[in-house]
Amino acid sequence: MLLPLPAAWAQGAPQATTLQPVTVTAGSVNDGELPPVYAGGQVAEGARLGLMGNQSVMDTPFNVTSYTSELIQNQQARTLADVMANDPSVRFTTSSGHAYENFRIRGFDVNQNDVAINGMYGLAPMGRTPLEFVERVEVLKGPNSLFSGMAPSGAVGGTVNLVSKRATDTPNATFGVNWQSDGQLGTTIDAGRRYGANNEWGARVNGSFSDGATTLDGQSRKREFFSAGLDYRGSALTASIDAYHSQESFTGGTPAMFWFASPVVPVAPDPRINQFSTGYGNIQSNAVLGQAEYRFNDHVSAFAGVGWRDSDQSGLINGTHARQIDANGNFSGQIVGQRAYTDAMTAEGGLRSRFKTGSVGHELVLQASILKLEDGSATGPASVFRSNIYDPITPVMPPVPGSAPKTSENTLSSLALVDTMSFLDDRLLLTAGLRNQRVKTSNFDKTGKTTSRYDEDAVTPAVAIVVKPWGPDLSFYANYVESLSKGDSVSDTTATNFGQVFAPYKTKQKELGVKWNAGTFTNTLALFEIEKPMLVTEGSTSNPTYADGGEKRVRGVEWNTFGEITQGVRVLGGVTYTQGTQVKTSYNRYNGNTAVGAPRWQVNTGLEWDTPWVPGLTLSGRIQATSSQYADSANKIEIPGWGQVDLGARYATQVNGRDVVLRLNVNNVFNKYYYAGVFSDTTPIATLGPARSVMLGANISF
């Protein structure tokens with residue numbers, strides 16, 4: 001792991017993104033401007049709070065972290081999962097290197113569909129999210145549909161927002177080359193500049209290409225990405241257009257997840273072993289997003305955005321499960337060729353007003369949003385085989401269907417009204433609001449016939465408070481939030497209500513916290529409780545009836561820290577302690593048991609040190625650790641705890657007057673083999689930790 005360069009070496013190092021000065025008023029950063037980078041350069045001073053726009057961390061009544069492009073570069077992070085490895089509240093529900101990257105935040109699933117770009121859902125690349133075009137990765141803990149609208153897959157534990165890069169006042173052009181074990185070669189380009197008498201027009205382009213072998217034996221992966229961002233910043237109008245093309249393909253296999261058949265969990269295999277060595281696949285996404293905000297005066301502004309994305313997937317992209325694994329590692333598997341697509345259209349618009357009633361300041365926001373999704377998929381014949389996780393056979397990859405019929409349409413529309421009130425010279429901030437969310441879903445069979453549909457709406461409230469009794473550097477906060485997740489459908493053909501689609505679930509969160517800004521490093525301590533409804537079965541076990549009367553609850557304590565603890569020493573990470581409980585289960589069989597995939601302890605802590613004897617040389621290290629966790633509702637299948645050490649170094653210098661940075665990262669230094677997490681709440685499937693990997697990179701700025 002490699003982290004940012006100190007300011008003292010700025011002359012001989014690539015410059016961090018130059019940001020415009022900001023003024024904080026009632027917790028809100030000026031429209032169109034990013035919060036500045038915090039001391040140490042790894043994290044920003046604020047993040048986007050959905051429709052409320054950019055907010056200071058100290059004035060945000062939630063636990064939020066905004067990772068910077070400087071951290072992305074120095075850690076040589078290629079995809080979103082690489083950045084999320086810094087967060088102690090995040091774990092992964094797909095094995096490292098899989099075609100898709102899905103997460104758990106605070107013990108609840110966050111699908112890769114739930115990633116937003118500039119505050120809007122439905123536009124992020126499918127599969128493994130690239131980061132070349134990203135200025136910030138913002139992680140907001142807990143359910144928050146009031147501020148962002150309902151995420152496509154629910155996103156109970158939190159949401160992730162990607163902020164796209166913009167041209168800075170100083171022109172930039174950086175070219176990079178990189179190598180990753182076991183033979184992945186790549187190049188990158190990042191260039192931008194501003195035009196006009198007042199630098200009002202800006203253009204930023206990013207591109208990358210990589211190809212070659214990976215740490216999975218026999219696999220080759222090719223990746224191409226290009227993005228362009230254009231923006232205008234005037235005295236009253238700010239506007240932007242972002243577009244990208246992303247494509248990633250692989251041959252020679254894909255990582256597996258591990259489905260256990262008994263309480264005896266076999267020792268984790270070497271993650272280099274290829275269980276599905278004949279698999280191949282391709283995922284491609286293209287998108288365009290336009291946004292604008294117009295300030296009529298100092299008190300009223302209007303904002304709007306619209307975007308489109310199309311995505312196509314083919315090959316072995318889902319269902320890579322080693323099934324029914326016994327104590328000796330024997331398993332049954334199957335490969336199914338798949339073809340799928342997802343098309344999305346999203347739009348939002350609203351008004352923001354700042355005014356006072358007496359001594360009380362208000363920031364009132366009215367927002368309407370809509371997200372339309374169309375999905376299609378087809379699967380070919382299955383190739384079934386028997387194998388062993390330590391000595392796998394070479395399975396047969398069946399053909400991929402030539403087309404994919406439409407399988408579903410989803411429309412998520414909403415209207416929200418939120419008011420942030422400031423009292424006592426901004427020492428007390430009270431946020432309250434309501435969002436009416438409507439969910440329309442239709443499902444279709446292969447012939448196009450509608451098999452199920454529903455049209456439901458619900459109102460979700462939120463109230464939050466921030467108190468700063470002794471000045472701006474210490475804030476206490478609390479929130480109560482209700483959020484929505486799309487209702488489940490009954491797919492069990494033996495059920496009496498097969499095909500029924502349930503109304504959206506309401507998830508509830510209560511949270512208390514304190515934030516302390518010590519000047520160059522900040523700490524957040526949060527206590528939270530999240531309750532989510534779940535499906536349960538009732539009646540006969542042979543012909544059950546499904547109902548939405550179940551409940552999963554996670555209570556926890558989070559400590560997050562970031563910044564520069566002393567000159568030349570920086571810290572990033574924290575510790576999370578949780579108690580996940582199955583409150584209401586089918587037939588009350590497992591009431592009170594520990595929730596699936598909810599370890600008690602999670603630790604992610606990184607340090608970096610600017611060596612005093614070699615100017616420009618930085619050494620870094622990170623520890624990731626997780627205690628044991630259950631993979632089944634009966635609490636009979638337990639995954640052992642694990643730990644991983646990552647190390648890095650970088651050297652910043654000048655060559656012929658050009659800034660050059662050399663980077664080395666080694667992840668999983670001791671090459672530990674371990675099960676990293678749990679794939680599902682309903683089946684005992686574990687993910688596998690990554691193999692040891694080495695990354696080398698060199699960047700030169702012009």
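Scope of the values below: all heavy atoms of this structure, side chains included, with no hydrogens, waters or symmetry mates.
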Original post:
Could you give the distance from OG (S89) to CD1 (I105), rounded to the nearest 0.5 Å?
Top reply: 8.0 Å

Subject >> Side chains of M421 and D419 in contact at under 4.5 Å (non-hydrogen atoms) >> reply: yes

**OP:** Apply ring-ring contact (aromatic ring centres under 6.0 Å, His included) to the pair Y675 and F260, showing each step before the final yes or no.
**Re:** CA-CA 12 Å; Y675 299 111; F260 304 117; 5.3 Å; yes

Subject >> Carboxylate-amine/guanidinium proximity below 4.0 Å for R553 and E531 >> reply: no

Subject >> K506 atom NZ: more than 12 heavy-atom contacts under 6.0 Å >> reply: yes

Original post:
Would you say D455's side chain and R453's backbone share a donor-acceptor pair under 3.5 angstrom?
Top reply: no

Original post:
Cut-off 3.5 Å, side chains only: do Q324 and S332 have a donor facing an acceptor?
Top reply: no

Subject >> Spacing of S285 atom OG and Q313 atom CD [to the nearest 0.5 Å] >> reply: 7.0 Å

**OP:** Dump the intermediate steps for side chain to side chain donor-acceptor pair (under 3.5 Å) on N111 and N113, then the final yes or no.
**Re:** CA-CA 5 Å; N111 192 286; N113 292 321; 3.0 Å; yes

Original post:
Looking only at heavy atoms, which two atoms of P684 and I637 are closest? And how far apart?
Top reply: CB-CD1, 3.7 Å

Subject >> D326: salt bridge (Lys or Arg N to Asp or Glu O under 4.0 Å) partners, not counting sequence neighbours >> reply: none

Subject >> Backbone of A256 reached by a side-chain donor or acceptor of Q275 within 3.5 Å >> reply: no

**OP:** Hey, could you give me the OG1/CD distance between T420 and E363, rounded to the nearest 0.5 Å?
**Re:** 6.0 Å

Original post:
Does the side chain of T687 pick up a donor-acceptor pair with the side chain of S95 at under 3.5 Å?
Top reply: no

Original post:
If we ignore angles and hydrogens, is there a donor and acceptor under 3.5 Å between the side chains of Q629 and R91?
Top reply: no

Subject >> Cationic N near anionic O, under 4.0 Å, D109 to K532 >> reply: no

Subject >> Any donor-acceptor pair under 3.5 Å from S680 side chain to T682 backbone >> reply: yes

Subject >> Side chain proximity check, I465 to V467, heavy atoms < 4.5 angstrom >> reply: yes

Subject >> Min side-chain heavy-atom separation F147-T431 under 4.5 Å >> reply: yes

Original post:
Got L80 and L162 here, is their nearest side-chain heavy-atom distance under 4.5 Å?
Top reply: yes

Original post:
Can you check whether V110's main-chain N or O pairs, donor with acceptor, with S153's side chain at less than 3.5 Å?
Top reply: no

Original post:
Would you say the side chain of N560 lies within less than 4.5 Å of the side chain of D87, judging by non-hydrogen atoms?
Top reply: yes

Original post:
So, H98 versus F92, ring centres under 6.0 angstrom or not?
Top reply: no

Original post:
When you measure from the side chain of K552 to the backbone N and O of F108, does any donor-acceptor pair fall under 3.5 Å?
Top reply: no

Subject >> Contact summary for S145 and T460, nearest pair of heavy atoms >> reply: OG-OG1, 3.8 Å

Subject >> Check: N102 side chain, Q112 main-chain N or O, donor-acceptor pair, under 3.5 Å >> reply: yes

Using a 3.5 Å cut-off and no angle test, enumerate the donor-acceptor pairs between side-chain atoms of residues 374-381 and protein atoms at least two apart in sequence or in another chain.
| from | atom 1 | to | atom 2 | distance (Å) |
| --- | --- | --- | --- | --- |
| E374 | OE2 | Y341 | OH | 2.7 |
| D375 | OD1 | T342 | OG1 | 2.8 |

**OP:** Provide the closest heavy-atom pair for L371 versus P152 in the form atom of the first, atom of the second, distance.
**Re:** CD2-CG, 3.7 Å

Original post:
Is there a donor-acceptor pair under 3.5 Å between the side chain of R106 and the backbone N or O of G157?
Top reply: no

Original post:
Is N443 reaching over with its side chain to a backbone N or O of T451, donor-acceptor style, under 3.5 angstrom?
Top reply: no

**OP:** Keeping the roles fixed (side chain from N593, backbone from S633), state whether a donor-acceptor pair exists under 3.5 Å.
**Re:** yes

Original post:
Between R323 and Q334, is a side-chain contact (heavy atoms from CB on, under 4.5 Å) present by the stated rule, with each step listed?
Top reply: CA-CA 9 Å; R323 301 166 182 259; Q334 67 176 31; 3.7 Å; yes

Original post:
When rounded to the nearest 0.5 angstrom, what is the spacing between OG1 in T159 and NZ in K141?
Top reply: 11.0 Å

**OP:** Flag the pair T346 / R309 as yes when at least one side-chain heavy-atom distance between them is below 4.5 Å, and no otherwise.
**Re:** no

**OP:** Please name the pair of heavy atoms, one in S311 and one in D343, separated by the smallest distance, quoted to 0.1 Å.
**Re:** N-OD1, 4.1 Å

**OP:** Could you please spell out the steps behind the side chain to side chain donor-acceptor pair (under 3.5 Å) verdict for S442 and T450?
**Re:** CA-CA 7 Å; S442 297; T450 301; 5.7 Å; no

**OP:** Please confirm whether the backbone N or O of Y546 pairs with a side-chain atom of N497, one donor and one acceptor, at under 3.5 Å?
**Re:** yes

Original post:
Can you tell if the side chain of Y630 reaches within under 4.5 Å of the side chain of V678, non-hydrogen atoms only?
Top reply: no

Original post:
Within a strict 4.5 Å, meaning less than it, do heavy atoms of the E529 and K508 side chains meet?
Top reply: no

**OP:** Nearest 0.5 Å please: distance from the OG1 atom of T79 over to the CZ atom of R128.
**Re:** 5.0 Å

Original post:
In terms of heavy-atom contacts, does NZ of K510 have more than 12 from other residues, nucleotides or ligands at under 6.0 Å?
Top reply: yes

**OP:** Compare every heavy atom of A547 with every heavy atom of F502, then report the nearest pair and how far apart it is.
**Re:** CZ-CA, 3.9 Å

**OP:** Nearest 0.5 Å please: distance from the OG1 atom of T94 over to the CD1 atom of I685.
**Re:** 12.0 Å

**OP:** Take T507 and S483, measure what side chain to side chain donor-acceptor pair (under 3.5 Å) needs, and give me the verdict at the end.
**Re:** CA-CA 5 Å; T507 300; S483 191; over 6 Å; no

**OP:** Test N63 against E511 for side-chain contact (heavy atoms from CB on, under 4.5 Å), laying out the working first.
**Re:** CA-CA 9 Å; N63 189 353; E511 182 176 356; 3.9 Å; yes

Original post:
Where is the tightest heavy-atom contact between L484 and M150, given as atom of each residue plus distance?
Top reply: O-CG, 3.6 Å

Subject >> Between R600 and S627, a side-chain donor and acceptor under 3.5 Å >> reply: no

**OP:** For the residue pair T496 and N543, confirm or rule out a side-chain donor-acceptor distance under 3.5 Å.
**Re:** no

Subject >> Parallel, tilted or perpendicular: ring planes of F331 versus F276, cut at 30 and 60 degrees >> reply: tilted

